[in-house]
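Accompanying notes for the structure given below.
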Amino acid sequence: MACSDFELATTLASGQVFRWRQEGPAFSGWMGGSFVRILQIDSTLRFQGTSPVSLRRFFSLDLDLKKIAFQMDVDEIVHGAIQRYWGLRLIRQDPWECLASFILSAFNNIPRLTGMLNRLATRFGESGRFPGPEGLGRVSERALRSCGLGFRAPYLRAAALAVARGSVDLVRLRSLEDDALRKDLLAIPGVGEKVAECVMLFAYGRASAFPVDVWIGRAMRTWYFRRGRVTDRQIREFARRHFGPTCGWAQQYLYCLARGSSRPALRGPSHPA
DNA sequence: TCCCAGGTGTCGC
DNA sequence: GCGACACATGGG
């Protein structure tokens, strides 16, 4: 399958998904209930386990990256990030796995989060699939803790029960406007502003979401606020105005820049916005 | 060993 | 609304 303006490796390593693995030049992981293996050679994708339509949807290949980039390319910093990580795309994940992943991401690091998700899949999922809300809701808090979830165990369990019982309908949420969607997500146990924005961006394709985590917060304060004391909410509101309706894409590019450039760059002189 | 991690819930102003 | 604090755990 032909693709343009897409870098598979960059996209999978950008902290949106946590269970994909590299096997030589190829990558493998789950797209919902399907186990998929993908190999990218230049602008060609060779794959098994899914369909072209599903693949395009998952990696947002149906969207024109050039148009998106043009919209958000409003200053030198994001311009540099766009150039450096060109081909990075937002992923449209399964909402439940995305929600669970980011509930567990709280006060955590990515290697350990990966371990936690894999243990859940191995112990409670079918042949490696991530377990659904019904299945996880039946698992005791004690069993969840034995997977290393720590204090997040009751949050994940409560969220699973809420979805399993239908008090949260992840399919219906898809049809809601951004503000209503955010409000419903925030009502889920263990979901705060940051996780809600992640789910909006990584599962529901809401490009106007702008999750502010420690990395983006640190980078934005350095790059756009001269290290000033601003709250995460102020950063998010600034970003929506500054980068516009595709600010979520800007967030993902800046996140990679902030992490990829390592700490010294973040400590460097602040740039004018 | 020690630090820190893609935060949230809860409390007190 | 905002700041401070606790929270379990293990990777690096």
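Below, all heavy atoms of this structure are taken into account, side chains as well, without hydrogens, waters or symmetry copies.
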Please tabulate the protein-to-nucleotide N/O contacts below 3.5 Å involving nucleotides 3-5 of chain C, giving atom names and distances.
none

Residue set satisfying side-chain contact (heavy atoms from CB on, under 4.5 Å) with A:Ile82, at least two apart, ordered chain then number -> A:Ala69, A:Met72, A:Asp73, A:Val78, A:Trp86, A:Tyr253

Looking only at atom [atom1], what distance separates [N] and [M], rounded to whole Å?
| N | M | atom1 | answer |
| --- | --- | --- | --- |
| B:dT8 | C:dG10 | P | 22 Å |
| B:dA5 | C:dA6 | C1' | 16 Å |
| C:dC5 | B:dG6 | P | 23 Å |

Hey, are A:Arg259 and A:Asp213 close enough for a salt bridge, meaning a charged N less than 4.0 Å from a carboxylate O?
no

Please identify each residue that fulfils ring-ring contact (aromatic ring centres under 6.0 Å, His included) with A:Phe6, with sequence neighbours left out.
A:Phe59

Between N or O atoms, less than 3.5 Å apart, protein on one side and nucleotides 11-13 of chain B on the other: list the pairs.
none

Looking at B:dG7 and A:Phe107: do their rings stack (centroid distance under 5.5 Å, interplanar angle under 30°)?
yes

Check this for me: A:Arg165, atom CZ, are more than 12 non-hydrogen atoms of other residues, nucleotides or ligands nearer than 6.0 Å?
no

Remember a base hit wins even if backbone is also touched, and classify [X] as base, sugar-phosphate or nothing at under 4.0 Å, heavy atoms.
| X | answer |
| --- | --- |
| A:Ser101 | nothing |
| A:Arg152 | base |
| A:Val212 | nothing |
| A:Glu197 | nothing |
| A:Gly190 | sugar-phosphate |

Checking A:Arg233, A:Lys183, A:Arg182 against A:Glu193 for salt bridge (charged side-chain N to carboxylate O under 4.0 Å, His left out), the one that qualifies is A:Arg233

Rounded distance in Å - CD1 (A:Ile103) to P (B:dG7)
14 Å

Considering all heavy atoms of both residues, which atom of A:Leu61 and which atom of A:Leu55 are nearest to each other, and what is their separation?
CD1-O, 4.4 Å

Mind checking whether A:Trp96 and A:Phe130 have side chains closer than 4.5 Å, heavy atoms only?
yes

Provide the full list of side-chain hydrogen bond (donor to acceptor under 3.5 Å, both in side chains) pairs with a residue in residues 128-139 of chain A, sequence neighbours left out, each pair given once.
A:Ser127-A:Arg129

Expected rows: protein N/O vs nucleotides 10-12 of chain C N/O, under 3.5 Å:
unit_1, atom_1, unit_2, atom_2, d
C:dG10, N2, A:Asn109, ND2, 3.4

